[in-house]
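Below: the structure, in structure tokens.
Within every chain, numbering begins at 1; the chains are lettered A, B, ... in the order of the sequence lines, protein sequences first and strands thereafter. Just so you know, these numbers use all the heavy atoms, side chains as well, and skip hydrogens, waters and symmetry mates.
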There are 2 protein chains.
Amino acid sequence: MKETLPEPALNLDRPLPELSPDREPPRPASYPPIERKPVPFEVKGLQALLDGECADTRTMVKNLVSQFGYDDGLDVPAYRAKVLAWTVRVAEAGLGRIFIPRYLGGEENPPKFMAAFETLAFHDLSLVIKVGVQFGLFAGSIQRLGTEYHHRKYLADAVAARLLGCFAMTEIGHGSNVQGLETTAMYDRATDTFVIHSPSYSSGKDYIGNAGQHGRLATVFAQLEVNGERHGVHAFLVPIRDDAGKPMPGVTITDNGLKMGLNGVDNGCLWFDHVRVPRLEMLNRFAEVTPDGVYQSEIKSANARFFTMIGTLVTGRVSIATTANSAAKSALTIAVRYAARRRQFGPPKASQESLLLDYPAHQARLMPLLANAYALDFALKRLLQLNEKATPGNSREVETLAAALKAFVTWNTTRTIQTCRESCGGEGYMAVNRFAALKADTDVYATFEGDNTVLMQLVAKNLLTEFRDNLKDLRPAQLAGFLVRQKLAQVAKQSPLLCLNVAKGHLLDSAAQLMYFRHREEALLLKNAQLFRRLLSSEQAHTAGTAAPQSTLTESHGATARDGGHGAKAGSERRAPNPEPRTSLDARYTASYTAFTHLQPELLELAHAFAERVTLEYFTEAIAGVENRPLQAVLKRLADLFALTHLDEHRAWYLEQGVFTPTKSGAIRALVLRLCRDLRQEAVALVDAFGIPDACLAAPIGL
Amino acid sequence: MKETLPEPALNLDRPLPELSPDREPPRPASYPPIERKPVPFEVKGLQALLDGECADTRTMVKNLVSQFGYDDGLDVPAYRAKVLAWTVRVAEAGLGRIFIPRYLGGEENPPKFMAAFETLAFHDLSLVIKVGVQFGLFAGSIQRLGTEYHHRKYLADAVAARLLGCFAMTEIGHGSNVQGLETTAMYDRATDTFVIHSPSYSSGKDYIGNAGQHGRLATVFAQLEVNGERHGVHAFLVPIRDDAGKPMPGVTITDNGLKMGLNGVDNGCLWFDHVRVPRLEMLNRFAEVTPDGVYQSEIKSANARFFTMIGTLVTGRVSIATTANSAAKSALTIAVRYAARRRQFGPPKASQESLLLDYPAHQARLMPLLANAYALDFALKRLLQLNEKATPGNSREVETLAAALKAFVTWNTTRTIQTCRESCGGEGYMAVNRFAALKADTDVYATFEGDNTVLMQLVAKNLLTEFRDNLKDLRPAQLAGFLVRQKLAQVAKQSPLLCLNVAKGHLLDSAAQLMYFRHREEALLLKNAQLFRRLLSSEQAHTAGTAAPQSTLTESHGATARDGGHGAKAGSERRAPNPEPRTSLDARYTASYTAFTHLQPELLELAHAFAERVTLEYFTEAIAGVENRPLQAVLKRLADLFALTHLDEHRAWYLEQGVFTPTKSGAIRALVLRLCRDLRQEAVALVDAFGIPDACLAAPIGL
């Protein structure tokens, strides 16, 4: 026996243990069976409803990616190579051709592409992003911003993944504020070329997918300058690597290195040192420069031109949102199935312990998220339809919807995956059970394709602008009275009986639910409009000494985001129809910026209320159109849980407004728990209906 | 020009691009300077306050780990090897010796060990967990559960990291429900040995740190059986690998493989096939078996013995909570500093864009989390003191506090890191900026050392038990009236003036803040007690046909957790002083289980209210003891934000109770935003005071 403590010293000569020799998979397929209860609806029928018209495409994609498998142990180079090979397989399966023009032999079928893209997201999300960059952003920008010359020259190779390319918009210095980009494209008449140049470190095109390794051509967004005059941001096709994969002369490329997730995508940073491209390489659908150096565009407003050109981002947001919801569905499928097989604790002397799914706390964690996933599925389907039919007349509406739902869905996905992971305990922490990849890969969804906080500000601003446009014939003094009467009439006229109504029939009435959601949204809109008007007046009085003019509502496009929550974009106002003197305009813009900045927290609340209302409305309308009664009934239960969960979440607001009594908010909470208990019986069937192939889901605890 | 779309086919002969040759770090040190404003307090003084009495130890640990650096690109074997080497360095620095007994030459100084452990967590968290497993759990179990024989035989090698070991409690089938463990230890008198055996797949000891690769000896928790009689869970030292690193005969080891994070720790799974260990290898401080097969223990109650033996987990929870808060501090330091240097958007025509930190939405995201980190720092310091002085008399109180704060802190850490990541946009997604590791490594904190949901149920049950004990002399009928009078008196007697008081002086009054927190906790406690009593009566009437007896409050120890939120542990009630007939007891336990399960959501709300009240109370008391006025003032601002943020979060409850009017909840919200704006001026100084060395923080955007 040792009497004293010797000095610590590791005997490094003694061999350290090796990895255990028996490294068979630690989790044999010996989990208890998943409890599957009889349900009053057909799971296949529900899946068909979710799959919609493009069911064949979804099946084809599932069959394809089911062959791919996973290999969580790959290092970055190997993972990138694997995702590249998968991307080629996707192209070979014809997925890229779906959306290119018919005159090039394509199908020009965006809904089909969206269905394929959404389904791809049941598998590896690096592949989803690589496909999105290559087909959606790179080829998509050529198709949308280019003309036949570019289509014929590049699209066939792009959609075949023979020509890998980039969408180079975001810069180190400017992510959210796209109009602040520094990269320049100066037209040189002598050589009939554009000179693409990065004037600073911060002008590097950053986080660009395909730039790190595989890209050869890039759609580069730069400030166009012709004859010393600036014309704003335009897009140019710039070769960045030669056939041997070396950077082109004048192009500096660095690799973004290891990321939290999506490491199968090779993000990189690009700088251009006076790189020349022929004039024809400008994507000239909306604006062009003639050989003699004249700038031409059919869109007269510089601002309108900018928003038309970056309009492609709206489709990007919609498609990203659908893939985020796919990831949430994967997480829910794993967590719900695990909860339907895993037992822990239970009544004393019982023959077996209780299923996790039988615990009220567990139900309260998972069931509302299941309802969210369903509600958002139907809301996104509607958004997809609206986006396909978007016209200049309703483009702002679609933009607002896309921004709101993209932010709402991606935040919901982050929360869903987190909660599902925690609800699977230690098993959820093992990479083999997929949450590690789901979490890490989707984390950036709140940032890219528009930072969520910036997008939500855009939403609020668009709503305020629309509100102003609808009411511009009213004098300010009439405004408040008008709204209190008109917008809140439906609540007011039924009050106080309405506020006291705690009957289950009332709380489960779709029209009543929607009314409560609309009431909140409209009241927040009115409040923000009034606050904005007041702030603007005082700001303008402060900065310019002028009388309060009509409010100027600005908008911000968080095109791609590098930063978190931040501010109003006051440089991008739509041009006022009657030009005012510049100094007066500047003062107004400054006042507007200050007012919007001050209102940020309230604006975000409004945007969230809008997103929730839209989701409930679209889900409710979709349910009304379902003819199969049992399917309609279960979807209605999900809509009820969605509606009541959000009413419960915002009950403080409703209490403050006097719309809820304490009794009523208590009744709502009780009903939420009751719905969770009811849906627990159908939960496994509801995740089965997502139709995620076992080979995609892969998590042993969820199969 | 191509006229038709050729069949897609990748020319695989064409060389694919290489990784760019210029792979210098993509982020040069060219970030704008961090804005550091003059503040009315001394940063060094604040850091000294946070560091406390063990400042030297903290400095020593910082100096040590600052030499280690990071290498995010390592594969699992290399990462494990590196963390093992670091662990040896930590041992060589004497950190393991701090807490071993003085008669062995140790320091027996738990506060110093805790300070070291908390500081280690500014660096790699795999190292923290490896150190925690080796010194805290493995060596700690030998010290706490063993006697001098074990101390002398093993501790010196253990704290020197010459003998790497495991703490083998959790099984595949039982994580949270430790009393349900399946592994058996049968005493064989003929050979004077215990036979350690895993009777099933699900009895494998799972997620055991050091088991995957480096461990040689394990503290194994198993059901002791002597002469056919079961005595519950006890601990045994079992060799699992020989000197060459091969599993011992009868021991099967699998590697848990890749995890979401903490991949520098080698978790594995252990099964024992009738493995014999000498009788002396039972850790016999609280119970032992004599050579002739007689079981002896000074603790007569099997249940009390069990909780004494797993009492070491309480210290584990406390220490894990402190390291979780360290991780939150790292995230906040990076995000706040980035927001104080990064500009995006801004007033039109302004000379530069605005700092992210100047946007109200950004302040509203980060400042409350900064307040949380400070509040929890002081609350944990108090908990550490209480834990050191724990006696049998207050062990339940300390257990309750540790469980509540562990869950509260670790959930707060998850939320803090997530928000900080998002608020740094794309930069936050790059591995070099540390959020990837912080997020992935801390994610399991909500699960291990007691699943948070299970712990929060334990908290609520302990509170209810204590409540019952305090009131047991009252007849049930007296209960409600008594409480309404006594517990709510302080609110009631000032009402309604109190409810209408929206004066800033009132809302920023520490006593008033605490009163609101206490009121909510006590009201929830009363409500739960009443609901429980009612449910129990109806359950007992239902199951046993008996009249309603006195309530039986049970407790559950979520020792280590494999699962998410789940249920009451009804098999572990403290033995009732007057034994009743078994069938009556069973009926009572079953009724109790059912009632607790039904109440889960309300119990969790109570537990959260308790955690928040305790945190505010300890923080407030600590501030009262700070003599330096400027320091006291800034800490009071943080406490105000902590208090008002939580009052705002729970305003629905206060509105429902009539404690808040809508005007008051509006005033609170306005004050929250105001405090965020005020603290924005000091935010950088407040994170500087955390004192995290640059070499530990490492994130380029935060240096």
Side-chain angles (χ1 to χ4, degrees), chain A residues 1-2 4-5 8 10 17-18 20 26 72 88 91-92 104-105 152 156 160 177 201 207 213 241 245 253-254 258-260 344-345 347-348 356 359-362 364 422-423 425-426 429 431 436 444 446-447 561-567 569-571 589-590 593 600-601 651-652 655-656 662, chain B residues 1-2 4-5 8 10 17-18 20 26 30 72 88 91-92 104-105 152 156 160 177 201 207 241 245 253-254 258-260 344-345 347-348 356 359-362 364 422-423 425-426 429 431 436 444 446-447 561-567 569-571 589-590 593 600-601 651-652 655-656 662:
Chain A
M1 272 197 220
K2 295 169 185 131
T4 57
L5 189 71
L10 187 76
E18 292 298 308
S20 300
D72 289 324
V88 172
E92 285 170 349
L104 285 174
R152 292 191 183 274
N177 183 359
Y201 166 72
Y207 311 135
Q213 193 170 359
R241 283 193 181 85
I253 308 178
T254 59
L258 195 70
K259 295 166 290 179
M260 184 181 292
Q344 195 78 173
F345 297 116
L356 299 191
Y359 289 102
H362 214 78
E422 290 182 25
S423 75
Y429 199 63
V444 77
T447 298
R562 181 186 169 82
D563 305 304
H566 39 71
K569 176 68 193 78
Y589 291 164
T590 300
Y593 170 84
Q600 272 188 343
R651 67 188 191 282
L655 287 160
E656 285 164 353
Chain B
M1 272 197 220
K2 292 165 187 133
T4 59
L5 191 71
L10 188 77
E18 292 297 308
S20 300
S30 69
D72 290 323
V88 173
E92 286 170 348
L104 285 173
R152 292 190 184 275
N177 183 359
Y201 167 73
Y207 312 134
R241 283 193 180 85
I253 308 178
T254 60
L258 195 70
K259 295 165 291 178
M260 185 180 291
Q344 196 78 173
F345 297 116
L356 300 190
Y359 289 103
H362 214 78
E422 290 183 25
S423 75
Y429 199 62
V444 78
T447 298
R562 180 186 170 80
D563 304 304
H566 38 72
K569 175 68 193 80
Y589 291 165
T590 300
Y593 170 83
Q600 272 188 344
R651 68 188 190 281
L655 287 160
E656 284 165 353

Nearest heavy-atom approach of B:Gly426 to A:Tyr207 is C-OH, 3.5 Å

Smallest heavy-atom separation, A:Tyr359 atom then B:Tyr593 atom, equals OH-OH, 2.9 Å

Closest non-hydrogen atoms of A:Glu656 and B:Arg651, given as atom of the first, atom of the second and distance, are OE2-NE, 3.0 Å

Closest heavy-atom pair, B:Leu655 versus A:Pro662, reported as atoms and distance to 0.1 Å, is O-CG, 4.5 Å

Of B:Asp72, B:Val444, B:Leu258, the largest count of non-hydrogen pairs under 4.5 angstrom with chain A goes to B:Val444

